Amino acid sequence: MISATLPVRALDQKAAPRPADLLAWYDRHRRRLPWRAEPGRTADPYHVFLSEIMLQQTTVKAVGPYFIDFTRRWPTVADLAAAPLEEVLSAWAGLGYYARARNLHACAKAVVERHGGHFPADEDVLLELPGIGPYTAAAIASIAFDLKASPVDGNIERVVSRLYSVDEPLPKSKPRIKALAAALTPARRPGDFAQAMMDLGATICTPRSPACPLCPWMDPCTARAGGDPARYPVKAPKTERPERAGVAFLAVRADGAVLLRTRPDKGLLAKMTEVPSTPWGPVPVAPQSHAPFAVNWRKLPGSVAHVFTHFALSLDVWRADLPARTPAPDGCRWVLPKDFSREALPSVMRKILAHGRIEGA
DNA sequence: AATGCGTGGCA
DNA sequence: TTGCCAAGCAT
């Protein structure tokens, strides 16, 4: 018989997850990433900032080449701040969520103007900078300055929701998960702890078929004990993705130049370069009335499909060949394919050009 | 608080 | 093929 006076844990209770166990795992298994400092060192805050912005909703694999390119072009935050926005946007082209690039540039300028070119070592002050939200402020504070902060990204949401079997669905459960993560964060090595949580989520505690036997927290994990860790995190049902359609006008001049223009300052693909097109709507719009030239257009075979976050797009492509020295209509410009690399061409626009067999960068 | 905002890889 | 997912932020 177990004495009631002894501090004996009931058999169905689990030990709390120990940060030291995760840190020991991290010391052996940490990923080597371009923006990450060598073990025992803290990273360049500019590198942490740049990588964190790029990594928002974006895979490590996709970010790699962009991070290398950006740091080569703009080695310091002051260099980035001094660059023209157009160059930053064209360097960002293809990475998606272009508001990040605009905010990245605005943030670099703010760091120079408000903080003398040094990132503030303070989570609350970081939070006031453009493009830096709760996650990124905590990530920079902890990773770049080793301050006690608890960034919560998708990885950490998954790890924490499994550790504690959080049944309330996201995003409603965010505050609770944030509190649990904060309670777990140690006073020593908070930066390594944050990165360890992310590495664990990315390599062991993965969305599907997590590798529990390799996990340093297998023992204290309640979802593992429950037998179906992959059912966490519980998420609210998603709204469906509507279809939109339109026609893109590929005007090609005799010298090979293609008619392009810059999109409006706000909204989808703001300030990016585009191929002129009809509006993209749920119902097809009379294409002729939106054509940049009143000439004979021929529809190219097939169509271009592209999926955005909140709608799926299907575009027909109409082509017209025009004489050399044809002037560009208002708001448009002729661009030779060899100069495409200087343009801020999003992936959907590159697909349209490729569909018309136009070879650019 | 809910919605708008990209892209590519993967099962 | 289709849906899901990846180091979120702004409004």
Side-chain angles (χ1 to χ4, degrees), chain A residues 31 33-36 43 47-67 89 92-104 106-107 126-144 149-159 170-172 174-175 177-178 181 191 193-203 205-210 230 233 235-244 263-264 266-272 274 280 304-313 344-351:
Chain A
R31 291 177 293 172
L33 301 169
W35 44 88
R36 202 170 257 186
H47 289 183
V48 176
F49 157 70
L50 180 59
S51 65
E52 290 300 342
I53 300 296
M54 288 182 164
L55 286 161
Q56 288 168 8
Q57 300 290 280
T58 308
T59 58
V60 166
K61 184 173 190 286
V63 166
Y66 285 86
F67 179 84
L89 288 178
W92 194 279
L95 200 54
Y97 283 142
Y98 298 99
R100 292 184 296 172
R102 288 178 267 124
N103 286 330
L104 178 84
C107 185
L126 286 163
L127 197 49
E128 294 169 8
L129 292 164
I132 295 186
Y135 164 76
T136 306
I140 296 173
S142 62
I143 298 171
S150 301
V152 179
D153 71 334
N155 287 308
I156 295 176
E157 279 179 352
R158 190 167 57 253
V159 170
L170 285 165
K172 198 167 199 136
K174 274 179 183 289
I177 291 175
K178 168 90 181 173
F193 182 78
Q195 296 178 90
M197 292 278 274
M198 294 183 219
D199 278 19
L200 188 71
T203 64
C205 195
T206 53
R208 294 177 276 230
S209 38
K235 296 192 176 181
K238 321 192 175 331
T239 61
E240 66 176 79
R241 182 149 40 208
E243 305 268 351
R244 292 188 198 174
R263 290 179 60 89
K266 300 190 173 184
L268 185 72
L269 306 174
K271 297 186 182 179
M272 302 296 286
E274 72 171 350
W280 303 340
V304 170
H306 191 77
V307 179
F308 292 96
T309 307
H310 54 296
F311 67 95
L313 178 65
L345 280 166
S347 291
V348 63
M349 299 304 158
R350 291 175 188 269
K351 282 187 188 176

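Proteins get letters first, then strands, A, B, ... in listed order; numbering begins at 1 in each. Every heavy atom of this structure was used, including side-chain atoms; hydrogens, water molecules and symmetry mates were not. Quick caveat: nothing in here was measured; it's all calculated off a predicted structure.
Taking atom NZ of A/K174 as the reference point, atom P of B/dA1 lies 13 Å away to the nearest angstrom. Taking atom NZ on A/K266 and atom C1' on C/dT11, their separation rounds to 10 Å, with Å as the unit. Rounded to whole Å, atom P of C/dA6 lies 14 Å from atom CE of A/M198. Summarising the geometry, the separation between CD on A/E157 and P on C/dA6 is reported as 9 Å, rounded to the nearest angstrom. Regarding A/L55, its CG atom lies at a distance of 12 Å from the P atom of C/dC9, rounded to whole Å.
Considering only side-chain N and O atoms, A/R158 lies under 4.0 angstrom from the phosphate OP1 or OP2 of C/dA6.
Taking the C1' atom of each, C/dA6 and B/dC5 are spaced 15 Å apart, rounded to whole Å. Straight-line distance between the P atoms of B/dG8 and C/dC9: roughly 22 Å, to the nearest whole Å.
Counting only heavy atoms from C-beta outward, the side chains of A/I156 and A/V159 never approach each other to under 4.5 Å. Between A/I53 and A/T136, the closest side-chain pair of non-hydrogen atoms falls below 4.5 Å. A 4.5 Å side-chain heavy-atom check between A/P151 and A/M198 finds at least one atom pair inside the cut-off. In this structure, A/Q57 and A/T309 have side chains that are not in contact, with every pair of non-hydrogen atoms separated by 4.5 Å or more.
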Walk me through it: do A/L170 and A/I177 pass the test side-chain contact (heavy atoms from CB on, under 4.5 Å)? CA-CA 9 Å; A/L170 285 165; A/I177 291 175; 3.9 Å; yes

Quick one, A/Y135 with A/Q56, criterion side-chain hydrogen bond (donor to acceptor under 3.5 Å, both in side chains). Give me CA distance, side-chain angles, the key distance, then yes/no. CA-CA 9 Å; A/Y135 164 76; A/Q56 288 168 8; over 6 Å; no

Quick one: do A/F308 and A/H310 satisfy ring-ring contact (aromatic ring centres under 6.0 Å, His included)? Show the steps, please. CA-CA 6 Å; A/F308 292 96; A/H310 54 296; 7.2 Å; no

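Taken from CG in A/L50 to CH2 in A/W35, the straight-line distance is 9.5 Å, to the nearest 0.5 Å.
Using modelled atom types and a 3.5 Å distance limit, the side chains of A/Q195 and A/R36 yield a donor-acceptor pair.
At a threshold of 4.0 angstrom between heavy atoms, the contacts of A/L50 with the nucleic acid are absent. Contact annotation for A/W35: base contact, defined as any heavy-atom pair under 4.0 Å involving a base atom.
Contacts between residues 126-142 of chain A and DNA chain B, counted as heavy-atom distances below 4.0 Å, involve no residue at all.
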A correct 5'-to-3' footprint of nucleotides 5-11 of chain B, with B, S and - meaning base, sugar-phosphate only and no protein heavy atom under 4.0 Å, is BBBS---

